[in-house]
Amino acid sequence: MGAPDGASGDAGGPEGDLAALARAYAYPDAARTGGRGWLRANMVSTLDGAAQHDGRSQPLSCPADMRIFGTLRALADAVVVGAETVRREGYRPARARAEFAAARTAAGQGPAPAVAVVSARLDLDFGLPLFTSPAVRTLVLTGAGAPPERVAAAEKAGARVVIAGDGTGVDPARVTGALAELGHTRLLTEGGPRLLGQFVAAGVLDELCLTLSPLLTAGAAQRIAGGPAVAVPERYELVSLLEEDGFLFGRYRHR
């Protein structure tokens, strides 16, 4: 089992030590962050850089990756995800997990993280369980110029609409601040690649948790971050590295 700082090891064995994973992936305390939102991404990539196979990330995963996926969600106040990923991956509400209940209560968190969907047009199916029956009210992040009828539809379905941009879409640089105002400072984004690319370009990604899958896919699949290139590459430092069954689980922090 890896430790939070500069360690390497296995990913917890066949059953996984969830408490040890939670310690290894703990968010920095408020003294380090100054109380602002801390944005962490969790993504998976093949050896040749593909973030998806047949349009989905799940075929690249493994049981250890899913343990870490669940742990990262259990540590977060909110999970930030793009509208296209919601449509493509069939997103459901984050669920409350008994094994993390005491820790979330001690941290002043609700039973499960809120899912925050980033969308300009709000072209979403508001009849999905993500909106109609979440454990914690789903958030929809959009711009001030979003279609009023879609805003109304989101609110009617039970979602809370959060304005994080002056135009029709979201300003990535305003996402962490908008969510922090709601008390959500421990943030996790699961993509997709376009949304992650926007966060990278805006310089607001604090941390990347990357699963390197021992697979080759070839083809023209997206990388973990899409969109325009940044003018100067962003430098991240390796915090920890775990391994299980040939999969590598790296945690990188912005320098």
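This chain uses plain numbering: 1 for the first residue, then up along the sequence.
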Hey, is the main chain of [Y] close enough, under 3.5 Å, to the side chain of [X] for a donor-acceptor pair?
X    : Y    : value
S213 : L60  : yes
T168 : A146 : no
R137 : G158 : yes
D48  : L216 : no
D245 : F247 : no

Exercise for the section: Would you verify whether the NZ or CZ of R40 falls within 45 degrees of the ring axis of Y27 while also being under 6.0 Å from that six-membered ring's centre? Expected result: yes

Practice task
Decide yes or no on salt bridge (Lys or Arg N to Asp or Glu O under 4.0 Å) for R87 and D125, but give the supporting numbers first.
Solution key: CA-CA 8 Å; R87 291 188 287 264; D125 181 356; over 6 Å; no

Practice task
Go through the steps for V136 and V115 under the test side chain to side chain contact (heavy atoms under 4.5 Å, CB included), then give the verdict.
Solution key: CA-CA 8 Å; V136 177; V115 175; over 6 Å; no

Handout entry: Approximate separation, where rounding is to 0.5 Å, of L210 CG and L238 CG
Key = 10.5 Å

Problem - Pairs satisfying side chain to side chain donor-acceptor pair (under 3.5 Å), at least one member in residues 98-114, at least two apart - result: D77-Q109, R97-E99

Handout entry: Residues R67 and E244 bridged, charged N to O under 4.0 Å
Key = yes

Problem - salt_bridge(R73, E190) N-O dist < 4.0 Å - result: yes

Using a 4.5 Å cut-off on heavy atoms from C-beta on, say whether the side chain of [Y] contacts that of [X].
X    : Y    : value
I224 : L208 : yes
L188 : N42  : yes
L139 : V117 : no

Problem - Test side chain to side chain contact (heavy atoms under 4.5 Å, CB included) applied to E237 and R253, H254, R251, the passing residue - result: R253

